[in-house]
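Computed from a predicted structure; not experimentally measured.
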Amino acid sequence: MQLASKTVQQSSIEGHHYEIYPQDLNSNNTVFGGRIMEIADMLAAACAKKHSGKTCATLLVDSMRFLSPANRGEILIFSAAVNRAWKTSMEVGIRVVTAETPESDSRKVLSAFFTLVSLDQFNKPTPTHPVTPETNEEKRRFEEAQQRRETRIEMAKIKNEQRRKNGGE
């Protein structure tokens, strides 16, 4: 059974704010990368659930890039959108920027791609809705998501072949 397609906007999450507190800081007095990763993972799961209508589990994180540090007192703004969906999985793009203040301009902090799997009541992969990109930006991200997927599949084949040649190590 083919599920109805959804637009990117139907499941995107824009403007999730998080203020950086002292307990979020590392020894460099900037936010722990792990804290940002944790929030990004939860937001990706919420976005995927909004898209699929099901509980979703993170399968992998691809290309997580920290672009600039974030400091105590700054407000981070998280955005999440489903870039593409396949049979049971979907790629969610996460973007994190700092809020603009009178003292500083907004700047990019993180860009990442999470792949999540839609699960049924028995925690087994279940079909999810396809994505219909509408804007040029959404169409670009849709195509790039497929390219990342194909690269991951090819890399997995290479690794499996290497393991087979090395006797299953």
Report summary line: When every non-hydrogen atom of Phe113 is compared with those of Ser63, the smallest separation belongs to CD1-CB, 4.0 Å
Report task. For residues His129 and Ser11, determine if any side-chain heavy atom of one lies less than 4.5 Å from a side-chain heavy atom of the other. Result -> no
Requested in this report: Kindly work out whether a path of hydrophobic side-chain contacts (I/L/V/M/F/W/Y, heavy atoms less than 4.5 Å apart) joins Trp86 to Val92.
Outcome: no
Indicate every side-chain donor-acceptor pair of residues 120-128 with a distance under 3.5 Å to a residue at least two apart or in another chain.
{"unit_1": "Asp120", "atom_1": "OD1", "unit_2": "Phe122", "atom_2": "N", "d": "2.8"}
{"unit_1": "Asp120", "atom_1": "OD1", "unit_2": "Asn123", "atom_2": "N", "d": "3.1"}
{"unit_1": "Asp120", "atom_1": "OD1", "unit_2": "Lys124", "atom_2": "N", "d": "2.9"}

Query - Gap between atom CD of Glu143 and atom CD of Glu138 - 0.5 Å precision - result: 13.0 Å
Query raised in the report: Heavy-atom count around Asn136 CG within 6.0 Å, excluding the residue itself: above 12?
Result: no
Requested in this report: Mind listing the closest non-hydrogen atom pair of Glu74 and Pro69 along with its distance?
Outcome: OE1-O, 4.4 Å
Query - Minimum heavy-atom distance between Lys139 and Glu134, given as atom pair plus value - result: CE-O, 3.5 Å
Query - Common cluster, Ile13/Val131, ILVMFWY with side-chain heavy-atom separation under 4.5 Å - result: yes
Query - Rounded distance (nearest 0.5 Å) linking atom CG of Leu116 with atom NZ of Lys54 - result: 15.5 Å
Query raised in the report: Any sub-3.5 Å donor-acceptor pair from Asn26's side-chain atoms to Asn28's backbone N or O?
Result: yes
Query raised in the report: Does one hydrophobic cluster hold both Met64 and Val31, with members joined at side-chain heavy-atom distances below 4.5 Å?
Result: yes
Query raised in the report: Rounded to the nearest 0.5 Å, what separation is found between the CZ atom of Arg141 and the CZ atom of Arg148?
Result: 9.5 Å
Report summary line: CD (Glu144) and CZ (Arg84) are apart, to the nearest 0.5 Å, by 11.5 Å
Query - Atom pair OH/CZ of Tyr21 and Arg72 - distance to nearest 0.5 Å - result: 10.5 Å
Query raised in the report: Taking NZ, NE, NH1 and NH2 as the nitrogens, is one of them in Glu91 or Arg149 under 4.0 Å from a carboxylate oxygen of the other?
Result: no
Query - More than 12 heavy atoms of other groups within 6.0 Å of Lys49 NZ - result: no
Query raised in the report: Could you state the interatomic distance from CD1 (Ile153) to CD1 (Ile158), rounded to the nearest 0.5 Å?
Result: 12.5 Å
Query - Validation row: Asp62, Thr115 side chains within 4.5 angstrom (heavy atoms) - result: no
Requested in this report: Report, as yes or no, whether the 6.0 Å neighbourhood of atom CZ on Arg107 holds more than 12 heavy atoms from other residues, nucleotides or ligands.
Outcome: yes
Query - Any donor-acceptor pair under 3.5 Å from Ser106 side chain to Thr98 backbone - result: yes
Report summary line: Note: Phe32 and Leu25 closest approach over all heavy atoms is CE1-O, 2.9 Å
Report task. Answer yes or no: is there a donor N or O on one side and an acceptor on the other, between the side chain of Lys50 and the main chain of Ser12, under 3.5 Å? Result -> yes
Query raised in the report: Where is the tightest heavy-atom contact between His51 and Pro130, given as atom of each residue plus distance?
Result: CE1-O, 3.7 Å
Query raised in the report: With clusters built from Ile, Leu, Val, Met, Phe, Trp and Tyr whose side-chain heavy atoms come within less than 4.5 Å, directly or transitively, what are the remaining members of the cluster of Val117, listed by chain and number?
Result: Leu59, Leu60, Leu119
Without placing hydrogens or testing angles, list every side-chain donor-acceptor pair under 3.5 Å for residues 39-48, not counting sequence neighbours.
{"unit_1": "Asp41", "atom_1": "OD1", "unit_2": "Thr58", "atom_2": "OG1", "d": "2.5"}

Requested in this report: Group every Ile, Leu, Val, Met, Phe, Trp and Tyr by side-chain heavy-atom contacts under 4.5 Å, then state whether Val97 and Phe114 land in the same group.
Outcome: no
Query raised in the report: Between Val61 and Val82, is there a shared hydrophobic cluster once you connect ILVMFWY residues whose side-chain heavy atoms come closer than 4.5 Å?
Result: yes
Query raised in the report: Which atom pair, heavy atoms only, marks the closest approach of Val8 to Pro133?
Result: CG2-CA, 4.3 Å
